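Below is one structure, written out as C-alpha cells; the observations come after it.
This is a predicted model, so every value here is computed, not measured.
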Amino acid sequence: MASLPKRIIKETERLASDPVPGISAEPHEDNLRYFAVTIEGPEESPYENGVFELELYLPDDYPMEAPKVRFLTRIYHPNIDRLGRICLDVLKNNWSPALQIRTVLLSIQALLASPNPNDPLANDVAEEWIKNEELAISKAKEWTKLYAGKR
C-alpha cells in the first residue's frame, strides 16, 4: 500500500490523542484511509442515548476532495436517507481543504442536534417533520431506541 500523506497521519494521531467528546474514529488496520466512526446522539435531541455507527473514507485526492461519510446505523432524519447518505454542505459544495475529519464529524453531530427538513435528502421524513414535528420526533426517538440503543 502506498504511504499515507502526512496530513492524514497527523489528523489520525490528533483524533486519537485529542478525541472529540461523543465521537470516535478508528482507522481500519488494513486500510488507513477507511475509518469506523461512532457518534453519540446529542443530549436533548431525538437521538439522545443512541450510538450511531458510520463509515468514513478519505479519497485519494483528500484533502482537495471531501471525505465520503455514511451512516451504517438506521436513523430517522430528514437529512439522512435510507442508504445512510448525508445531506451536509461541508461534504458537498462547501468542502474546503482547510476542513478536517474532526470538523466533518462535529458537523454531522450538529446535524443530529438540529435536523433541517427544509433541505432534505429523505423527502418522506422531511414532509412528516414539517407536517407533524411532534410525531416525527417521536418516530426518531423510537428508531434511535430500536437501531442505535447502547449495547
Side-chain angles (χ1 to χ4, degrees), residues 7-8 10-59 62-63 65-96 98-151:
R7 158 107 183 226
I8 294 175
K10 280 189 161 182
E11 283 193 52
T12 303
E13 286 171 351
R14 182 162 179 228
L15 284 167
S17 67
D18 183 17
V20 181
I23 298 175
S24 77
E26 298 283 326
H28 279 238
E29 284 179 25
D30 56 342
N31 184 346
L32 299 176
R33 288 180 173 272
Y34 183 86
F35 291 75
V37 175
T38 60
I39 296 180
E40 293 177 14
E43 287 182 15
E44 297 182 25
S45 80
Y47 311 101
E48 184 174 17
N49 296 323
V51 177
F52 298 88
E53 292 182 19
L54 296 83
E55 62 181 6
L56 181 144
Y57 178 75
L58 302 175
Y62 179 83
E65 187 183 335
K68 308 290 182 222
V69 190
R70 76 180 188 100
F71 274 76
L72 299 174
T73 304
R74 288 186 67 184
I75 185 169
Y76 191 80
H77 192 292
N79 311 108
I80 302 162
D81 72 8
R82 291 172 201 259
L83 299 175
R85 295 176 301 198
I86 305 163
C87 180
L88 187 62
D89 59 352
V90 296
L91 292 175
K92 307 273 187 276
N93 49 343
N94 282 353
W95 172 254
S96 156
L99 298 174
Q100 298 184 358
I101 299 166
R102 68 189 301 117
T103 321
V104 168
L105 297 178
L106 283 165
S107 298
I108 293 169
Q109 192 179 46
L111 187 66
L112 292 182
S114 307
N116 180 4
N118 298 314
D119 185 20
L121 192 57
N123 289 321
D124 55 336
V125 176
E127 278 178 36
E128 191 162 295
W129 216 278
I130 291 166
K131 277 191 217 157
N132 188 343
E133 187 176 7
E134 202 175 293
L135 181 65
I137 287 171
S138 168
K139 200 174 220 177
K141 287 179 178 178
E142 188 181 311
W143 278 41
T144 298
K145 245 185 226 150
L146 198 58
Y147 302 112
K150 291 182 181 174
R151 308 223 184 309

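Screening residues 127-143 for side-chain hydrogen bond (donor to acceptor under 3.5 Å, both in side chains) gives Tyr76-Glu128 as the qualifying pairs, with residues at least two apart or on separate chains. Within the structure, side-chain hydrogen bond (donor to acceptor under 3.5 Å, both in side chains) pairs that include any residue of residues 110-122 do not occur (at least two apart or interchain).
A heavy-atom distance below 4.5 Å is found between the side chains of Arg33 and Ile8. In this structure, Arg7 and Pro63 have side chains that are in contact, with non-hydrogen atoms separated by less than 4.5 Å. In this structure, the side chains of Phe52 and Leu72 stay at 4.5 Å or more apart for every pair of heavy atoms. Counting heavy atoms from C-beta outward, Phe35 and Leu54 have side chains that stay 4.5 Å or more apart. Using a 4.5 Å heavy-atom threshold, the side chains of Thr144 and Asn49 count as separate.
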Output side-chain donor-acceptor pairs under 3.5 Å for residues 80-93, partner residues at least two apart or in another chain, one line each.
{"unit_1": "Asp81", "atom_1": "OD1", "unit_2": "Leu83", "atom_2": "N", "d": "3.0"}
{"unit_1": "Asp81", "atom_1": "OD1", "unit_2": "Gly84", "atom_2": "N", "d": "3.1"}
{"unit_1": "Asp81", "atom_1": "OD1", "unit_2": "Arg85", "atom_2": "N", "d": "2.9"}
{"unit_1": "Asp81", "atom_1": "OD2", "unit_2": "Arg85", "atom_2": "NE", "d": "2.6"}
{"unit_1": "Asp81", "atom_1": "OD2", "unit_2": "Arg85", "atom_2": "NH2", "d": "2.6"}
{"unit_1": "Arg82", "atom_1": "NH2", "unit_2": "Asp124", "atom_2": "OD2", "d": "3.0"}
{"unit_1": "Asp89", "atom_1": "OD2", "unit_2": "Asn94", "atom_2": "ND2", "d": "3.1"}
{"unit_1": "Lys92", "atom_1": "NZ", "unit_2": "Ile86", "atom_2": "O", "d": "3.4"}

All N/O donor-acceptor pairs, side-chain side in residues 16-29, below 3.5 Å, sequence neighbours left out:
{"unit_1": "Ser17", "atom_1": "OG", "unit_2": "Glu13", "atom_2": "O", "d": "3.2"}
{"unit_1": "Ser24", "atom_1": "OG", "unit_2": "Thr38", "atom_2": "OG1", "d": "2.7"}

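Atoms CG and CD1, from Leu112 and Ile108 in turn, are 8.0 Å apart once rounded to the nearest 0.5 Å. Rounding to the nearest 0.5 Å places CD of Glu11 at 9.0 Å from CZ of Arg102. To the nearest 0.5 angstrom, Glu55 atom CD is 12.5 Å from Lys68 atom NZ. Within the model, atoms CG of Leu111 and CD of Gln109 stand 11.0 Å from one another, a figure rounded to the nearest 0.5 Å. Atom CD of residue Glu53 and atom CD1 of residue Ile75 lie 12.5 Å apart, to the nearest 0.5 angstrom.
Residues Ala126 and Pro120 share a closest heavy-atom pair of CB-CB, 3.3 Å.
Under the side-chain hydrogen bond (donor to acceptor under 3.5 Å, both in side chains) criterion, Tyr47 pairs with no residue, sequence neighbours left out. Checked against side-chain contact (heavy atoms from CB on, under 4.5 Å), Pro67 has the following partners two or more places apart in sequence or in another chain: Leu56, Leu58, Tyr62, Val69, Trp95, Val104.
A donor-acceptor pair is defined here as one N or O able to donate and one able to accept, closer than 3.5 Å; such a pair exists between the side chain of Glu48 and the backbone of Glu44.
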Q. Run the side chain to side chain contact (heavy atoms under 4.5 Å, CB included) check on Val125 and His77 step by step: do they pass?
A. CA-CA 6 Å; Val125 176; His77 192 292; 5.6 Å; no

